[in-house]
Amino acid sequence: MRIAVLSDIHGNLPALNAVLEALAPFDAVWQLGDVVGYGPQPDEVVARLRDLASTGVRGNHDAAAVGELETSGFNSDARTAVLWTGMHIGAATRTWLAALPETSTSDGFALAHGSLRDPIWEYVMTTAAALANFAVLTAEHAFIGHTHVPLVFREDDGLVETLAPSDGSTLELDGRRTLLNPGSVGQPRDGDPHASAALLDTTARTVAWRRVPYDVATTQSRMRAVGLPTRLVERLERGQ
Ligand code: ZN
């Protein structure tokens, strides 16, 4: 089975559409949270995922947009965007977001937004954080997001190796456990503005990363039109 693994779409419909086109054909979509927040089209993004029968988890932005997480942990621009999202999503989007669990397991893979020990808030960027999460990982592999940076942590005999996948990188899943981050579809932060996503092949036991160009200017003009913060508009073209 070929599974499109998407994280941090953040209401960016042109980025989502470009990624879906680039990863096709696939049999399923897994999403790792922050479906909404920052971007101008939360309803359209949720509708697309609902049509694709995606499975997945909630992120901090999703929980805050439906009023199930305090916004005190957000920086000022993120809070502005999440409050805008909460005020502008329709009832069907709200219901769909509110039903997302904090963690789940799909085909033996653990799914979480931030991390396994703190699914909503923890950023797994260091080997220390990775080790702490391997300690609570009951599955062989986990997909996580939240950092907006494509990254792999692989455990080998108690040591953790870090890999930074780029466009076209393919990882073979062998006996070693991994934490796999596909990067962000809707707001990449590793200096490359192209949308980031991964394709899991459960038969070949491989994960392939892709960077996909999309119409950044269209997303930016929609953000300006609805009055989202300028800093959030501008960072999309820098991928930061
Ligand atoms: Zn995010």
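As the structure is a prediction and not an experimental result, all values here were calculated from the model. The figures here come from the full heavy-atom set of this structure, side chains too, leaving out hydrogens, waters and symmetry mates. Index from 1, following the sequence. Counting convention: from 1, in listed order, for ligands and their atoms alike.
Here the straight-line distance linking atom CH2 of Trp30 with atom CG of Leu49 works out to 15.0 Å at 0.5 Å rounding.
When rounded to 10 degrees, the angle formed at the Zn ion (ligand 1) by NE2 (His10) and NE2 (His148) equals 90°.
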Please assess Val19 against Arg210 for the test side chain to side chain contact (heavy atoms under 4.5 Å, CB included), listing each intermediate value before the final yes or no. CA-CA 8 Å; Val19 155; Arg210 289 293 307 276; over 6 Å; no
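Distances from the Zn ion (ligand 1) show that His113 has no N/O/S atom below 2.8 Å.
With respect to the Zn ion (ligand 1), Asp34 has OD2 as its nearest N, O or S atom. Looking only at its N/O/S atoms, Asp8 has OD1 as the one nearest to the Zn ion (ligand 1).
You'll find the ring centres of His194 and Tyr214 outside the 6.0 Å limit.
The side chain to side chain contact (heavy atoms under 4.5 Å, CB included) test with Asp192 singles out one residue from Arg211, Arg238, Gln240, and that residue is Arg211.
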